[in-house]
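All values below were derived from every heavy atom in this structure, side-chain atoms included, with hydrogens, water molecules and symmetry-related copies excluded.
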Amino acid sequence: MSDRKDRLRRGFLGVGVVTLVLAVGIVVLAGPTPVTAALFGWLAIGGCLLVAAAVRERLAGVGWPRIASVGLAVLALGATTLGFVQLLAGAGGWTLLNGILMLVVGLVLVLLTLECWLGGVGIAPETFAVD
């Protein structure tokens, strides 16, 4: 495994674990409500896919870059949705800043999703090689 590939997959593992911890933390701190269930589901799906991409080379015949791109796409979709909801709910002070921040995070996640899905446009293609 190349050094870049190893670093990228370790990063996916770290982000996936942090996302899963965040999902559990939201439910524990806010209690079981429909909103926290939706947030938990969104974060848990994205986090599990990133962890799976980090620890397995292939999963059901699909290479790890495609699995990671789906996990990142799930997180990007949720982040942009939350950003737009924050902006539409009432743009003032921290709500406006939070909405803009979520949209920027969503944009970064979309760019990384495309990078993984296409197999290396800006990053070296050998980084996304599946053995």
Problem - Minimum heavy-atom distance Pro65-Phe128, with the two atoms named - result: CG-O, 3.5 Å
Completion exercise
Per side chain to side chain contact (heavy atoms under 4.5 Å, CB included), Thr19 is matched among Val21, Leu22, Val15, Val17 by Val15
Practice task
Find out if a path of hydrophobic residues (ILVMFWY) with successive side-chain heavy-atom gaps under 4.5 Å connects Leu72 to Leu39.
Solution key: yes
Fill in the blank from the handout: All heavy atoms of Cys116 vs all of Ala68, minimum pair found to be SG-CB, 4.4 Å
Handout entry: Exceeds 12 heavy-atom contacts within 6.0 angstrom, atom CZ of Arg4
Key = no
Practice task
Could you grab the distance from atom CG of Asp3 to atom CG of Leu8, nearest 0.5 Å is fine?
Solution key: 11.0 Å
Exercise for the section: Report the C-alpha separation of Leu82 and Trp42 in whole Å, then their side-chain angles, then the decisive distance to 0.1 Å, and conclude whether the side chain to side chain contact (heavy atoms under 4.5 Å, CB included) test is met. Expected result: CA-CA 11 Å; Leu82 286 176; Trp42 160 57; 3.6 Å; yes
Handout entry: Nearest non-hydrogen partners of Val105 and Ala79, listed with the distance
Key = CG1-CB, 4.4 Å
Handout entry: Within-4.5 Å side-chain heavy-atom neighbours: Val55 and Leu13
Key = yes
Practice task
Evaluate the side-chain proximity of Leu59 to Val62: yes if any heavy-atom separation is below 4.5 Å, no if none is.
Solution key: no
Exercise for the section: Measure across Ala30 and Thr36 and return the closest heavy-atom pair with its distance rounded to 0.1 Å. Expected result: CB-CG2, 3.5 Å
Practice task
List the steps, then state whether side chain to side chain contact (heavy atoms under 4.5 Å, CB included) holds for Leu103 with Leu87.
Solution key: CA-CA 10 Å; Leu103 290 175; Leu87 291 178; 3.5 Å; yes
Problem - Beyond-backbone contact of Val24 with Val28, side-chain heavy atoms, under 4.5 angstrom - result: yes
Handout entry: Same cluster (ILVMFWY, side-chain, under 4.5 Å), Val121 and Ile123
Key = yes
Exercise for the section: May I ask you to check if Arg58 and Trp64 form a cation-pi contact, with NZ or CZ under 6.0 angstrom from the six-membered ring centre and within 45° of the axis? Expected result: no
Practice task
Look up atom CD in Glu115 and atom OG in Ser69, then write down how far apart they are to the nearest 0.5 Å.
Solution key: 11.0 Å
Exercise for the section: Measure the shortest side-chain to side-chain distance between Val51 and Phe12 over non-hydrogen atoms and say whether it is less than 4.5 angstrom. Expected result: no
Handout entry: ILVMFWY network linking Trp117 to Leu50, side-chain heavy atoms under 4.5 angstrom
Key = yes
Problem - Among Val18, Leu20, Ile26, the one residue meeting side chain to side chain contact (heavy atoms under 4.5 Å, CB included) with Leu43 - result: Ile26
Fill in the blank from the handout: Heavy-atom closest pair (Lys5 atom, Glu57 atom, distance to 0.1 Å) is NZ-OE2, 3.0 Å
Problem - Student check: side-chain heavy atoms of Leu75 and Leu49 closer than 4.5 Å - result: no
Exercise for the section: State yes or no: do Val108 and Val74 share one hydrophobic cluster built from I, L, V, M, F, W and Y residues joined by side-chain heavy-atom distances below 4.5 Å, directly or via other members? Expected result: no
Handout entry: Nearest-0.5 Å distance, CD1 of residue Ile100 to CE of residue Met102
Key = 13.0 Å
Exercise for the section: Examine Val130 and Leu112 and state if one hydrophobic cluster contains both, with Ile, Leu, Val, Met, Phe, Trp and Tyr joined whenever side-chain heavy atoms are less than 4.5 Å apart. Expected result: yes
Problem - Closest non-hydrogen atom pair, Gly106 against Thr80 - result: CA-CG2, 3.8 Å
